[in-house]
Amino acid sequence: MRNRMLHYIIRFLAGDNLPSELVETIGYTSDPNQFDRYNVVIIPSGFFDEQTYGTPGSLPQLPLKEVHGIPLLFGSPKEEWVGDTWVVHADIIASTYFLISRYEEIMRRDLRDEHGRFPGKASLPYRAGFIDRPIVDEYRLLLHGWLRQTRLHVPEIKRKIKRIYLTHDVDAPTLYRSWKGFVRSLLNKRGLLKSIQGKFGKLDEDPFYTFPWIFYQNNRMLQSAGQKRCQPILFIKGGGKASQDKPHYDLRDKDIRTLIKNALEHNITIGLHSSYQAGADPSLIQKEKRWLERNIRKSVRFNRHHFLRGREPEDMDQLEAADLTDDFTMGYADIAGFRLGTCYPVRWINPITRRLSPLILHPLIAMDRTLESPKYMGLDYEQALAYCRDLINKVREVGGELVLLWHNDAVREDSSGYQRKLYAQIMSDLSQSISSHLIKST
C-alpha cells in the first residue's frame, strides 16, 4: 500500500505530460547503491518512518527552509552530483504528501471552528505565508528542471488554465416565494401587495433567483473556452434538517423543478450539496444523493459539503461508498488560496491508513463569502479583484485547474455587496485571456 501511494505521489509530481519511462528515472531512496539506477534521486527525510509518522514530531517547524525560493516542509536544500545522478535532499515527496493528504488536519482533529471545520488561518500554508501559492505545482516545475539537468528531454508545461469549473451552491434558491418568505416579506415591511407578488409573482423577479444572470455569465465563458475546458456545476441539497440547512427546500417544489430544468437545458452539471447535518453524520450522504438522483432523473457524481463542512476521513469514506467520484469541498472558508498546495485534481489519500482512494478532490481556489465577509478576509472590491487575479494567474502559470464558487444569493441585483460586479469582471478577464491565448496560438 505504501509503495503504491509513494508511486502515485511521484507520478503526480511528474505530471501527466511526462512519459512513464521518464517517471521511472526518478528515485526516492537514501541507499547510495541504488543511485545509479536513476537520473534524479530524492533523499527521504524520515517523515514516513514508522517511529516518526503520526507523531507530533512529524509536523514541520517554522520557519521553513526553501529550495530555489520555494518553501520546503521536509529535508534540506542541498543538491549534488553523485556520479551521473543528480541527488537532492529536498524531500518534495513528503512535502507534497503532507499537503495533498491534509495530514496536518488529521493530526489536529482537536482544532476546529464552530462548524467543525479546520481553520485555514491555523494551517501551515497560511502560517508559513504560502496559502496563495500552489507550491506543490512549483515542486513539479522544479522536478522537471532537475530532470533536464541530467540531459533528459522533458516537455514544457503549457502556461494556461487547463480546466475551469464555475460552481454554484444552491443554499437558498429564493427569498420570498415560500410561505416563510411571505412572512419575512411582511416583517420587512414590504407591504401586503408586494408580499403577495413576491410569493405568487414571476420566479425571475425574486431577489435570490439570479440563475438566469449566472447562466448568462457562464455561457460567455463556455463560448470562449469550450465545453471540454469549462464546466458549470450547480450543487443542490438533497436533505438536511439542521438549522444551518435552512431553508429546507423541497426538490419536488415547482420552482426547484424549474431551476433543475433550466440548468440541464444550459448543459450545467448537477451535483450533490451534501447537508450541514451530513457533515456531522456522513452516513446521510448516500440517502441525500439517492433523493437528488430520483428527482433530477440523472446519476450524480459530484459533491460539495454545505458550509465546506465535513468530517475527515469519515466523510470521504461515505462519498466513496455512495459512488460519488469527485469532491469540490477542498477550500478553506476563512481564507482563499491553495488548501492542498496544488490547483491540480488529486486522489484522496487517507493519512491514517495511507490508503489511496479513487475519489478525486478538486481544490477550491476562491469563494465569494471568503473574500468579502468581515469575519474571514474582509476585502473591499479592489482588493478582492486583485487577490483573485493573482490566484488565477498562479493557476495559469502552473497549468492547473481553476475552481470558483459564487452563490446565487450573493449576486442579487439589490445587494449592497460587490459580488455581482466581481463575478462579472472575473468572467470578463477569463474570457479575454482565453481569447487572447487562442489568437496567439493561431
Side-chain angles (χ1 to χ4, degrees), residues 161 163-177 197-198 201-237 249 253-271 273 296 298 302 304 328 336 362 364-372 381 384-385 388-389 391-392 395-396 401-439:
I161 300 175
R163 194 164 178 78
I164 300 169
Y165 290 98
L166 306 175
T167 72
H168 312 282
D169 295 353
V170 185
D171 297 342
T174 61
L175 180 61
Y176 295 130
R177 291 181 64 80
Q197 290 174 337
K202 293 181 179 179
L203 176 59
D204 290 1
E205 293 178 357
D206 187 273
F208 280 13
Y209 199 84
T210 59
F211 298 103
W213 182 86
I214 289 174
F215 296 167
Y216 170 77
Q217 297 296 326
N218 292 351
N219 279 336
R220 294 169 59 194
M221 275 302 307
L222 282 166
Q223 290 172 6
S224 299
Q227 291 187 2
K228 290 185 178 180
R229 192 174 169 193
C230 179
Q231 184 171 5
I233 307 174
L234 211 61
F235 288 101
I236 297 178
K237 288 187 287 186
Y249 54 81
D253 178 79
K254 182 178 68 173
D255 291 345
I256 301 299
R257 293 180 96 58
T258 297
L259 170 60
I260 291 171
K261 179 176 179 291
N262 290 342
L264 295 176
E265 287 175 349
H266 282 82
N267 295 315
I268 294 173
T269 300
I270 293 179
H273 196 30
I296 69 172
K298 282 181 173 290
F302 296 170
R304 175 179 286 133
F328 290 79
H362 296 264
L364 171 60
I365 307 303
M367 176 175 73
D368 47 16
R369 291 165 184 166
T370 302
L371 300 165
E372 188 173 12
Y381 171 77
L385 179 60
C388 286
R389 282 174 169 170
L391 294 178
I392 291 169
V395 172
R396 181 182 296 110
E401 70 175 30
L402 177 67
V403 180
L404 301 175
L405 166 54
W406 256 255
H407 294 78
N408 57 289
D409 54 315
V411 296
R412 54 187 292 186
E413 200 166 6
D414 62 347
S415 172
S416 59
Y418 56 70
Q419 295 302 335
R420 188 179 180 95
K421 178 181 177 183
L422 179 60
Y423 190 70
Q425 186 60 57
I426 290 173
M427 292 302 99
S428 178
D429 286 355
L430 286 170
S431 296
Q432 290 178 19
S433 173
I434 290 169
S435 299
S436 174
H437 177 78
L438 291 175
I439 292 172

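No experiment lies behind these values; they were computed from the predicted model shown.
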Enclosure of Q227 CD (heavy-atom neighbours >12, cutoff 6.0 Å): no
Quick one: does any side-chain atom of S428 pair with a main-chain N or O of A424 as donor and acceptor, under 3.5 Å? no
Could you pull out the closest heavy-atom pair between L166 and C230, with the gap in Å? CD1-SG, 3.8 Å
Examine the side chains of N218 and H168 and answer whether a donor and an acceptor come within less than 3.5 Å of each other. yes
For D368, is there any backbone N or O sitting under 3.5 Å from a side-chain donor or acceptor partner on Q419? yes
For I256 and P173, work out which heavy atoms get closest and say how close. CD1-CG, 3.5 Å
Measure from the side-chain N and O atoms of K237 to the backbone N and O of D171, and report whether any donor-acceptor pair falls under 3.5 Å. yes
Under 3.5 Å side-chain donor-acceptor pair for R304 and T167: yes
Using a 3.5 Å distance criterion without hydrogens, assess whether the side chain of R229 forms a donor-acceptor pair with backbone atoms of I161. yes
Mind checking whether H266 and F215 have parallel, tilted or perpendicular rings, split at 30° and 60°? tilted
Taking all non-hydrogen atoms of both residues, which atom of S415 and which atom of A410 are closest, and how far apart? OG-O, 4.3 Å
Are the side chain of T258 and the backbone N or O of K254 linked by a donor-acceptor pair below 3.5 Å? yes
Between N408 (side chain) and T210 (backbone), is there a donor-acceptor pair under 3.5 Å? no
Which word best sums up how the rings of W406 and Y423 line up, parallel for under 30°, tilted for 30 to 60°, or perpendicular for over 60°? tilted
So S224 and L430, side chain to side chain contact (heavy atoms under 4.5 Å, CB included) or not? Walk me through it. CA-CA 9 Å; S224 299; L430 286 170; over 6 Å; no
Candidates R389, R220, R396 - the one meeting salt bridge (charged side-chain N to carboxylate O under 4.0 Å, His left out) with D429: R389
Carboxylate-amine/guanidinium contact R177 D206, below 4.0 Å: no
Taking 4.0 angstrom as the limit, do R369 and D169 come out as a salt bridge? no
Mind telling me whether H273 and F235 have parallel, tilted or perpendicular rings, with 30° and 60° as the class edges? tilted
Shortest non-hydrogen contact from I296 toward I270: CD1-CG2, 4.0 Å
Is a side-chain N or O of Y249 found less than 3.5 angstrom from the main chain of D255, in a donor-acceptor match? no
For P207 and R412, which heavy atoms make the closest approach, and how far apart are they? O-CB, 3.3 Å
Has D204 got a side-chain atom pairing as donor or acceptor with Y209's backbone, closer than 3.5 angstrom? no
